Peer 1: 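Here you go, one structure.
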Amino acid sequence: MSLPTPAPNQPAEAVKDLMLRHDTFSQLLGLEVEEVGPGYCRLRFVVRPDMLNGFGSLHGGATFAAADTAFAFACNSHGRQSVGLTVTVDYLEAGRLGDRITVEAREESLKHKVGVYQVRVVNQNGVVLALFKGTAYRTSNEIL
C-alpha cells in the first residue's frame with residue numbers, strides 16, 4: 001500500500017501555521033493569511049486608526065511590515081528556513097483609514113541558496129500602494 005502524495009502546498013501550510021503561532025507582531029497588525037503555496041502568499045488587513053501616520057495616511061512602517069510578512073511566508077514555504085538579505089520598497093499611493101489591503105508575494109527566482117520575491121500591496125479598488133522586492137538567503141535548516 002502506497003502513502004498518499006502530499007498536496008503541493010502542504011509544506012507551505014505547515015510552515016505558515018508554525019510561523020503564525022510565534023508571530024505576535026503580525027497578529028498585532030491583524031494580518032489574515034488567506035493563501036499560501038510554494039513561493040506564494042496572499043494576506044489581507046484593514047487599515048485601523050492606530051496604523052496612520054501624522055498626516056492621516058497609512059504609515060509606511062505598517063505597509064512595509066505587511067509586505068515583509070508576506071515575503072517571509074513565501075520564501076519559507078519550501079520548508080527551508082530563509083532570511084531576508086535585502087529588500088526595497090517603493091511607496092506609490094497612500095493608504096487610508098478603513099482601506100482593505102491585499103498583500104501578495106510571488107517568487108520570481110529560486111536557486112539553491114537565494115530566492116527573489118515581488119510583493120504587491122493594493123487597496124480594495126486595485127490601486128497599487130507599494131511594490132516590495134525581497135531577496136532571501138536560504139539556509140540549510142529544514143523547518144519541518
Side-chain angles (χ1 to χ4, degrees), residues 5-144:
T5 305
N9 70 337
Q10 191 173 25
E13 285 287 337
V15 168
K16 175 200 78 165
D17 292 343
L18 175 71
M19 290 175 68
L20 275 178
R21 276 197 301 274
H22 303 287
D23 189 350
T24 55
F25 187 69
S26 292
Q27 294 169 22
L28 176 71
L29 289 174
L31 304 181
E32 296 178 27
V33 180
E34 290 192 328
E35 184 179 349
V36 292
Y40 179 81
C41 176
R42 184 179 69 240
L43 59 84
R44 293 187 197 270
F45 70 99
V46 175
V47 179
R48 304 182 314 243
D50 61 337
M51 296 175 169
L52 301 179
N53 64 23
F55 296 106
S57 298
L58 176 60
H59 194 288
T63 304
F64 183 93
D68 189 53
T69 297
F71 166 54
F73 286 123
C75 69
N76 283 284
S77 65
H78 299 287
R80 270 179 49 198
Q81 186 177 7
S82 300
V83 295
L85 282 176
T86 60
V87 298
T88 59
V89 63
D90 293 313
Y91 298 102
L92 307 177
E93 295 287 339
R96 300 285 177 215
L97 181 63
D99 277 353
R100 294 180 313 280
I101 307 296
T102 300
V103 183
E104 192 169 33
R106 292 183 185 275
E107 189 171 83
E108 298 295 331
S109 174
L110 182 66
K111 304 295 183 199
H112 179 66
K113 287 288 187 183
V114 174
V116 177
Y117 300 81
Q118 294 282 351
V119 184
R120 291 172 55 89
V121 180
V122 302
N123 69 12
Q124 68 278 0
N125 299 317
V127 174
V128 180
L129 304 181
L131 296 172
F132 174 111
K133 178 186 172 205
T135 301
Y137 173 76
R138 304 179 73 220
T139 73
S140 56
N141 299 334
E142 295 294 326
I143 297 172
L144 305 172

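Throughout, numbering of the chain's residues begins at 1 and tracks the sequence. From a predicted model like this one, the values you see are computed outputs, not experimental measurements.
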Peer 1: Rounded at 0.5 Å granularity, tell me how far CE in Met51 sits from CG in Asp99.
Peer 2: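 One gets 11.5 Å once the value is rounded to the nearest 0.5 Å.
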Peer 1: Could you tell me whether Arg48 atom CZ has more than 12 heavy atoms of other residues or ligands within 6.0 Å of it?
Peer 2: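 Yes, CZ of Arg48 has more than 12 neighbouring heavy atoms, counting only those of other groups under 6.0 Å.
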Peer 1: Answer yes or no: does atom CD of Glu93 have more than 12 heavy-atom neighbours from other residues, nucleotides or ligands under 6.0 Å?
Peer 2: no
Peer 1: Are any non-hydrogen side-chain atoms of Arg80 and Thr139 less than 4.5 angstrom apart?
Peer 2: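 Arg80 does not reach Thr139 side chain to side chain.
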Peer 1: Do you know which two heavy atoms are closest between Pro49 and Leu97, and how far apart they sit?
Peer 2: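 Between these two residues, the closest heavy atoms are N-CD1, 3.4 Å.
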Peer 1: Test your reading of the model: is there a side-chain donor-acceptor pair from His59 to the backbone of Gly61, 3.5 Å cut-off?
Peer 2: yes
Peer 1: CZ of Arg120: more than 12 outside heavy atoms within 6.0 angstrom?
Peer 2: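 No.
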Peer 1: Rounded to the nearest 0.5 Å, how far does CZ of Phe45 lie from OG1 of Thr102?
Peer 2: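 Thr102 OG1 to Phe45 CZ: 9.0 Å, rounded to 0.5 Å.
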Peer 1: Is there a donor-acceptor pair under 3.5 Å between the side chain of Arg138 and the backbone N or O of Lys111?
Peer 2: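 Answer holds: yes.
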Peer 1: Start with the C-alpha distance between Arg42 and Glu35, add both sets of side-chain angles, then the distance that settles salt bridge (Lys or Arg N to Asp or Glu O under 4.0 Å), and finish with yes or no.
Peer 2: CA-CA 5 Å; Arg42 184 179 69 240; Glu35 184 179 349; 3.0 Å; yes
Peer 1: Is it true that atom CD of Glu32 has more than 12 heavy atoms of other residues, nucleotides or ligands lying nearer than 6.0 Å?
Peer 2: no
Peer 1: If we count only N and O atoms by modelled type, under 3.5 Å, do the side chains of Asn76 and Gln81 hold a donor and an acceptor together?
Peer 2: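 Judged by distance alone, the side chains do not pair up.
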